[in-house]
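To start, the structure itself, in structure tokens.
Side chains are part of it too, since the values below use all heavy atoms of this structure and drop only hydrogens, waters and symmetry mates. When a ligand or atom number is given, it counts from 1 through the structure's own listing order.
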Amino acid sequence: MDKNKLLRRLPAVNDLLEEETAEQLIAEHNRELVVKEIRRVLDEARSEMLGLLAEGDLERAEKLSSKLSPANLLKRLERALQEKMRPNLAPAVNATGVIVHTNLGRSLLSQRAREMVEMAGSHYTTLEIDRQTGERGSRYDNIEELLCELTGAEAAFVVNNNAAAVLLALSALAAGQEVIISRGELIEIGGSFRIPDVMKQGGARLVEVGTTNKVYAEDYEEAITEETALLLKVHTSNYRVVGFTRDVDLEELVEVGRKHDLPVLDDLGSGVFLNMEEFGLQPEPTAAERVAAGADIVTFSGDKILGGPQAGIIVGKSDYIARLKKHPLTRAVRVDKYTLAALEGTLKAYLDPEGVIEEIPTLKMLSLGDAELRERAEDLKQSIKQSINNLLSDEGFSVEVEKDISRVGGGAYPLSELPTRIVSLRWSAGEIDRLAAAIRTSYPPVFTRLADDRIIFDVRTLQSGDEKIICRALELALPEILN
Ligand SMILES: *Cc1c(COP(=O)(O)O)cnc(C)c1O
């Protein structure tokens, strides 16, 4: 058969439009969209064909031509439309065991927080209005009282994220002046948040004191000049100096600050409200403890261990907070109503210390005990086995429950290990990475760990319904991989 004949065999746009499937798709979406996608599908088919013809591979071109039947092209069309209408920001299964997984969106919201977001999206709200006078109010009023109650601070407010909180505090309190910080705290946090760069951006001059592993209160005192505006303490979230070390704790630094009439800014990082020892983790300073220790301003993230939306929470002394609120940057880093709604919903849970761990998904995942993890892992193992057995007799797959380690994530607790149970999937007859990639690119995507030629499903970070999604992803992926 000659080249042109092969090309002419491709149906025309109108031919496909007359098919019943196309009519259904038009009813479901709309005509314009369907026509556009048909054009695209046909263009792609034509380029595939032209590619083979250019290579002079007539045999494969003939084969392709029979694959490009109207029925198959309509299938392609259906898939293309389905993919187009699916959210690009897709719901994902987190089987990595990293609880505060920054790349997967950090924290899941509690039901109360989700309901608040839904409310804020479907109603006008009292975002920035004073109900007594009917005049304009402050968007931070609703949240400030709650934050003060939970942390014991005099004043509070919220910005876009903790990076913005630190930037704003430095800009408002130290622009054009000096800020003293220990060398051991000049850290970089994932996603290129570098303390020295943030200082520069905030217009402050960095004065480093001490050495990488040791610093004393006298080091700070000796560095204080007429130009000093602020003493900065940064939680070395994702990094630890161990061994021969000496740190100046917040209390000591506050004392230095008081003596020289300088404010102390404490970048706490994670923002913990509970005693972390209850979770089998090392103690972490809580926001309330830092306020009580006398920090003038404490900043932390809303979506790390706190378990809320992305936000930078700022609590501290009224006069300093007032200076931050008045700074022009505040408008640029302000939070929207959804953040405020989700944050209020999250924080309300903390008013009830008995119920909070159950209510906040991040805390719940942190607190899961071995009995529950084991039961979940056994269940998942059985389901995965069944999915594989339904499709194949024995293609060298083995599924086991094993002990392993989950991580807190979000740059918190770099050294802490949370004992967990995993389901491991091995495949002696093929490349397991290909299977991992296939379930990652299916919909909804499933993210796992890969280690020692195993796919690892850590059940700690799975949510209800995820087991089914994992099994379906495997059922879809296996036949493709094996072909
Ligand atoms: C995570 C972290 C930040 C950045 O917080 P974001 O909310 O991600 O902007 C800043 N400082 C410390 C110490 C952190 O741990």
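- Residues of the protein with a heavy atom under 4.0 Å from ligand 1 are R106, N161, N162, A163, I189, F193, H235, S237, D267, G269, S301, K304, listed by chain and number.
- The ring-ring contact (aromatic ring centres under 6.0 Å, His included) search around Y320 returns none, not counting sequence neighbours.
- Checked by atom type, the side-chain pair N160/Q310 shows a donor-acceptor distance below 3.5 Å.
- Neither side chain, H29 nor E37, offers a donor N or O lying under 3.5 Å from an acceptor on the other.
- Within the structure, no pair that satisfies the salt bridge (Lys or Arg N to Asp or Glu O under 4.0 Å) test touches residues 431-448, not counting sequence neighbours.
- By the 6.0 Å and 45° rule, R426 does not stack over the aromatic ring of F397.
- For the salt bridge (Lys or Arg N to Asp or Glu O under 4.0 Å) condition, the pairs that include at least one residue of residues 458-471, sequence neighbours left out, are R449-D458.
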